[in-house]
Amino acid sequence: MCSSSDPLTKNFDHHEAEGRIYSLWEKSAAFRADPEKGGDPFVIVIPPPNVTGNLHMGHALDNTLQDILTRYHRMLGDNALWVPGTDHAGIATQAVVERHLAGEGVSRLDLGREKFLERVWKWKEEYGGRIIGQLKRLGASCDWSRERFTMDFGLSRAVREVFVSLHEEGLIYRGDYVVNWCPRCRTAISDIEVEHEDRDDSLYYILYQGVNGGPSLTVATTRPETLFGDTAVAVNPQDSRYPRTGDFQVRLPLTDRVIPLIRDAHVDPEFGTGALKVTPAHDLNDFQIGKRHNLPIVSCVNQEGLLTAAAGPYQGLDAASARKKVAEDLEARGLLVKTEPLRHAVGLCYRCRTLIEPLISLQWFVKTAPLAKAAKEAVEEGRIRLVPQSWERTFFDWMDNIRDWCVSRQLWWGHRIPAWYCVKCGKTVVSRGDPSRCPDCGGGLERDQDVLDTWFSSALWPFSTLGWPDKTPDFQRYYPTTVLVTGFDIIFFWVARMMMMGLKMTGRVPFRTVVLHPLVRDASGRKMSKSKGNVIDPLTLIDAHGADAFRFALAAQAGTARDLKISEERVQGCSRFVNKLWNAARFSLSHIANLPTIPGPLSLDLPSRWIRSRLNSAAKDVGEFLNSFHFDRAADRVYRFFWDEFCDWYLELIKPALYGKDGEARESVTRSLYGVFSAALKLLHPFTPFVTEELWGKLPRADALLTLSAFPREDPEKEDQEAEREIGRLMDLAKAVRQARADFRVPPGVKLSPAARPRDPATAALIEEHSSLLLKLTGADSIRIAKETEAPPLDAARTAFAWGEVWIPLSGRVDLRKEEERIRAEKERLEKDAEKARAKLQNPGYLAKAPAEVVEETRERLEEMIEKLKAAEKSLELMEGMRRNRD
RNA sequence: AGGCGUGUAGCUCAGUGGGAGAGCACUACCCUGACACGGUAGUGGUCAAGAGUUCAAAUCUCUUCACGCCUACCA
């Protein structure tokens, strides 16, 4: 009768278990994918984290969701592959190493390119493994044998192949263009790497005096220091304040230069004075105006952000001090008409938040329009699905308005651009190999100094990691990948570019579905940042509460909202669930340990049939939710199944049998428990992999790994409506007794003797059959079936159901006045609801148009309400009668 | 300026055409032989406001308000 000695500690020791279990998975090559094996491919490529980075909350969420999907599909029998890897992260990594060198008093220029790169590689070797270890602590079931790095040999080869072939097609070109220049990083960055922020600035009104009797104009500008780069003043051709025809010139203030007045439709007559200073070298729009009007280009700010010789005496000043000085000097000469405050958006470098200096320079570009068109079509035609779909519109807008992508970066760490320039004839050679001589003149070649934007290699990630451009078995089996999981903040940086490159280079979509999850915020919804001091370290939470609790907290909150507010309390809450699981296991295993044989007859009793039916429903729902990427609802469903249905009802319902004298029943119930419990572990595994794997190992005869077992699938045969209906009635009864006990404050020691009056003999039989169960659930003393004609005593708590009535005699414990009040209130509520239902059923429109089953349901509900009302009325009648007698 | 999103119980959020839900918090009772990180029973909401469509609206449409995010060539 007694269970064997307790094999489990009271709580799950995640510190001890997690590392051990992860090595077990690794040793068993559980996550290794095999292209030779069968099964539908299910493939995810990881959004590669920065190779020298640390796991942050965003990674934690992103990878938890990927892991849930991968484990789920692996258990479904799909050929699941999760490709891991890291990104070289050009600017970020170079900046970190440079900062480190600065500590030694060395700059990268001191070292030279080659030595500097050696140091970065060394840095990478030293810190590159860290984030991989952190992903493992999270439980990520990646195939580590396929780990890639964006600067691996194979991936570099893919980069070069793409660059050269796009160049051959004319989709990559080199040209002079106004680019976003970060004077601190000393490199160009792409348009989307610029962050915009509203700043309070001044708008300076500067007088440009007319020459030869022509009109003078006042122009409004926020950047007076760039006037040295002005090569025209422009007004709108429709603007009547200015001469619409005729050639005029104005004097450029503080200089002896004279520039023309031009007319261009770009100028907004409403802004400032309607006259615009045109600075083609330092403003993209001015650059375009300049092109239209063949204006000369004068650079007055250099790549260090300092004014050039074109600024005469101002040469060498930085932009901010030049602005001040220019304004002063203009004022001194009476050329500064006025200044007014202006709040406007300024561009900042996304990495260092330095003010962006637009300036003209020679850069490499990808011609994006044709690539973007293909990407847009793939989404329009449903070959790529965005989840949630609401992102499509934003995506389309961006694809329609995309500008060419500046891909050269003035850095050393990255894929060096495969372009060479002939020192003799100036020819540009772009080549897959490393050429040594100019093919035209035989002259020497110098390689382009720049590297490619980090996102260029990231854009190839879904196919470069699988071996492309070779037709490897992996590429053939696993490309296109299945799902891409990432935050919506990098749709344009990464997702769109993978689509463009994938479609262009492989002719196929890189993935079929893009799952865009929320961004992790702190508990009050603020973005986490070091400066705000509100960063929560995922590893701290894993240490404190375990990876399972942490993952569950993330999954349970990964809904369709854009923010996910994480807090330690939340994770702690989920650790209670893990604890519940552990203790339910402790209980279950102590009984399972007594099973003589695992194979054998299963219990056919009501609780066993019921939980099998509920398990089936949970498996169905969890599967559906995961298939539609509703992680939050899947987590909620599995939680409810385990806690409410399995623990709170099922385990309690089978206790009498487990402790009972009937050996045969005990054995079959235990065997059923074994089956349901192991299925529950499977259902939970994708969410809480460590604790479930640990418990699986404690099950007898479970030699294989849980992570490689089969996920429970819906099986209509397991649905048991009869069992559900019957347990539902027993639950009604139990709840009625418990409620009466609570409402009338019956002390636990006092026994109750409820009576039930079901309306059909089957329910009566059901109650009699399970009376001992009911006694156990309610703490009642006895339970009986009342006679048809029997009237309940006056001082009884009465509850009515569609199937009949229950009353619990409470001699002396009922405050009649209070009870009468309660019943009256309930009666009122019932009458209201019943009236609503009745009105519905009398409405011809409702009867004609509502679906039959909805009408039927309403009818049933009304019937139940009528039953309850009858009971309530009877009680009130009796009470009134008694009061009359007394009076 | 445009686009997108959000507004449901004190807090965090599910629900997206047919009886207002969960977790946490709160209240009362209970250490009942897995779990007090537990059990049982409760309190709590004109589903932001208004109008419309419908037999039926938290759910669809329009308008308004509040908050948030993204994009943009007002210098």
Side-chain angles (χ1 to χ4, degrees), chain A residues 2-3 6 8 10-11 192 196 203 219-223 226 234 266-268 270-272 275-279 283-289 342 344-345 388 390-391 393-394 397-398 401 488-489 491-492 519 523-525 527 545 549 556-557 559-567 569-570 572-591 630 632-633 636 639-640 644 647-648 651-652 655 659 734-735 738-743 745-748 776-779 833 836-837 839-840 843-851 853-855 857-858 861-862 865:
Chain A
C2 281
S3 62
D6 197 337
L8 259 53
K10 200 166 176 183
N11 298 306
I192 58 177
H196 296 273
L203 188 62
V219 304
T221 179
T222 54
R223 301 203 56 193
T226 64
H266 166 77
V267 182
D268 175 9
E270 304 293 318
F271 187 87
L276 169 72
K277 65 194 263 311
V278 183
T279 323
D283 184 283
L284 181 59
N285 295 300
D286 293 7
F287 178 77
Q288 282 158 347
I289 294 173
L342 178 74
H344 68 142
S390 53
W391 282 104
R393 188 167 179 157
T394 311
D397 282 352
W398 196 73
N401 298 309
F488 59 80
D489 53 332
I491 295 180
F492 304 134
L519 301 184
S524 45
K527 207 169 175 172
H545 306 288
Q557 287 183 93
T560 48
R562 291 195 170 185
D563 293 342
L564 188 160
K565 290 171 198 157
I566 194 76
S567 62
E569 289 74 49
R570 200 82 192 203
Q572 197 171 13
C574 291
S575 74
R576 294 206 194 107
F577 178 61
V578 173
N579 184 255
K580 185 79 179 174
L581 168 59
W582 184 260
N583 281 288
R586 221 152 63 96
F587 172 79
S588 303
L589 286 168
S590 69
H591 292 279
H630 288 106
D632 54 339
R633 292 162 74 179
D636 183 62
Y639 182 102
R640 298 274 272 291
D644 299 350
C647 292
D648 287 350
L651 289 186
E652 296 308 321
K655 273 178 184 174
Y659 293 117
K735 282 181 186 168
R738 286 168 178 171
Q739 191 184 340
R741 190 181 279 279
D743 281 355
R745 299 177 185 264
V746 181
K776 160 105 176 99
L777 290 176
T778 59
D833 287 352
K836 255 197 233 164
K840 263 187 180 180
N843 182 339
Y846 177 74
L847 293 172
K849 291 184 182 173
E853 69 245 35
V854 172
V855 176
E857 208 188 316
T858 308
R861 212 152 35 81
L862 179 61
M865 286 188 279

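Reminder, nothing fancy here: chain letters follow the sequence lines and each chain counts from 1.
For A:Leu651 and B:G39, the CG to C1' distance is 13 Å, given to the nearest whole Å. In this structure, A:Trp391 atom CH2 and B:C69 atom P are separated by 13 Å, rounded to whole Å. Distance, A:Leu276 CG to B:A75 C1': 5 Å, rounded to whole Å. If you take OH of A:Tyr639 and C1' of B:C35, they are 13 Å apart, rounded to a whole angstrom.
Base pairing annotation: B:A28 forms a Watson-Crick or G-U wobble pair with B:U40, both donor-acceptor distances under 3.5 Å. The partner of B:U6 is B:A66, judged by Watson-Crick or G-U wobble contacts that both fall below 3.5 Å. Base pairing of B:G19 is not made with any nucleotide, judged by Watson-Crick or G-U wobble geometry with both donor-acceptor distances under 3.5 Å. Judged by Watson-Crick or G-U wobble contacts below 3.5 Å, the nucleotide B:A1 has B:U71 as its partner. Judged by Watson-Crick or G-U wobble contacts below 3.5 Å, the nucleotide B:U59 has no partner. Using the Watson-Crick or G-U wobble rule with both distances under 3.5 Å, B:U46 pairs with nothing in any strand shown. Under the Watson-Crick or G-U wobble criterion, with both distances below 3.5 Å, B:A14 is left unpaired in every strand shown.
Contact annotation: A:His344 reaches the phosphate of B:A75 (side-chain N/O to OP1 or OP2, under 4.0 Å). Residue A:Lys776 has no polar side-chain atom (N or O) positioned under 4.0 Å from OP1 or OP2 of B:G39. Distances shorter than 4.0 Å separate some side-chain N or O of A:Lys655 from OP1 or OP2 on B:A34. For the pair A:Gln288 and B:C73, the criterion of a side-chain N or O lying under 4.0 Å from OP1 or OP2 is not met.
Comparing B:G7 with B:C60, their P atoms sit 11 Å apart, to the nearest whole Å. Straight-line distance between the C1' atoms of B:A9 and B:C26: roughly 12 Å, to the nearest whole Å. Across the P atoms, B:C11 and B:G45 are found 13 Å apart, a figure rounded to whole Å. When the C1' atom is used for both B:C37 and B:C55, the distance is 50 Å, rounded to whole Å. Taking the P atoms as reference points, B:C47 lies 11 Å from B:A20, given to the whole Å. Taking atom C1' in both B:U61 and B:C24, one finds a spacing of 36 Å when rounded to whole Å. Here, B:G10 and B:A49 have their C1' atoms 22 Å apart, quoted to the whole Å. Nucleotides B:C67 and B:A48 are separated by 11 Å at their C1' atoms, to the nearest Å.
If you check distances only, the side chain of A:Glu652 does reach the base of B:A34 with a donor-acceptor pair under 3.5 Å.
Looking at A:Asp286 and A:Leu276, their side chains come closer than 4.5 Å, going by heavy atoms from C-beta outward. Annotation: side chain of A:Arg738 is in contact with side chain of A:Leu777 (closest heavy-atom distance under 4.5 Å). Looking at heavy atoms from C-beta onward, A:Lys580 lies in side-chain contact with A:Asp648 at the 4.5 angstrom threshold. A heavy-atom distance below 4.5 Å is found between the side chains of A:Tyr846 and A:Thr858. A:Ser590 places none of its side-chain heavy atoms less than 4.5 Å from the side chain of A:Leu8.
Taking only side-chain atoms of A:Lys10, from C-beta outward, the nucleotide of B:C35, B:A14, B:A34 with the closest atom is B:C35. When distances are taken from the side chain of A:Thr394 to each of B:C35, B:A14, B:G3, the shortest belongs to B:G3. Ranking B:G5, B:U40, B:A22 by closeness to the A:Asp648 side chain, first place goes to B:U40. Of the candidate nucleotides B:A34, B:C55, B:A25, B:A25 has the atom nearest to the side chain of A:Arg576. Checking B:A34, B:C55, B:A72 against every side-chain atom of A:Ala850, the shortest atom distance belongs to B:C55. Taking every side-chain heavy atom of A:Arg393 into account, B:C4 is the closest of B:A72, B:C4, B:C35. Relative to the side chain of A:Arg562, the nucleotides B:G18, B:C37, B:G5 differ in distance, and B:G5 lies closest. Of all nucleotides listed (B:C73, B:C37, B:U12), B:C73 comes nearest to the side chain of A:His266. For A:Lys580, taking side-chain heavy atoms from C-beta onward, the closest of the listed nucleotides B:G18, B:A34, B:U12 is B:A34. Checking B:C74, B:G3, B:U40 against the side-chain heavy atoms of A:Arg738 singles out B:U40 as nearest.
When heavy atoms are screened at a 4.0 angstrom cut-off, A:Lys565 is found touching the sugar-phosphate backbone but no base atom. Residue A:Ala556 is classed as having no contact, given no heavy-atom separation below 4.0 Å to the nucleic acid. No engagement by A:Glu857 is indicated, since no non-hydrogen atom pair under 4.0 Å with the nucleic acid exists. Residue-level contact check: A:Thr222 touches the backbone only, with heavy atoms under 4.0 Å from sugar-phosphate atoms and none from bases. Looking at heavy-atom distances under 4.0 Å, A:Arg633 makes contact with sugar-phosphate atoms alone, never a base. Residue-level contact check: A:Arg745 touches the backbone only, with heavy atoms under 4.0 Å from sugar-phosphate atoms and none from bases. Heavy atoms of A:Pro747 sit nowhere under 4.0 angstrom from any nucleic acid atom. As judged by a 4.0 angstrom heavy-atom cut-off over every strand, A:Leu284 is placed among residues making no nucleic acid contact. Within the nucleic acid shown, A:Cys647 comes within 4.0 Å of at least one base atom, counting heavy atoms only. Within the 4.0 angstrom heavy-atom criterion, base atoms lie near A:Asp268.
Checked by atom type and distance alone, the side chain of A:Asn843 pairs as donor or acceptor with a backbone atom of A:Gly845 at under 3.5 Å.
A side-chain donor-acceptor contact under 3.5 Å links A:Thr279 and A:Lys277. Between the side chains of A:Asn579 and A:Arg576, no donor N or O sits under 3.5 Å from an acceptor N or O.
In terms of position on RNA chain B, the residue among A:Gly845 and A:Asp283 whose nearest nucleotide sits closer to the 5' end is A:Gly845. Along RNA chain B, the nucleotide closest to A:Ser588 and the one closest to A:Arg640 are compared, and the more 5′ of them pairs with A:Arg640.
Remark: A:Tyr639 pairs with A:Phe577, A:Trp643 by the ring-ring contact (aromatic ring centres under 6.0 Å, His included) rule, at least two apart or across chains.
The aromatic ring of A:Tyr659 is stacked on the base of B:G33, with the two ring centres less than 5.5 Å apart and the planes inclined by under 30°.
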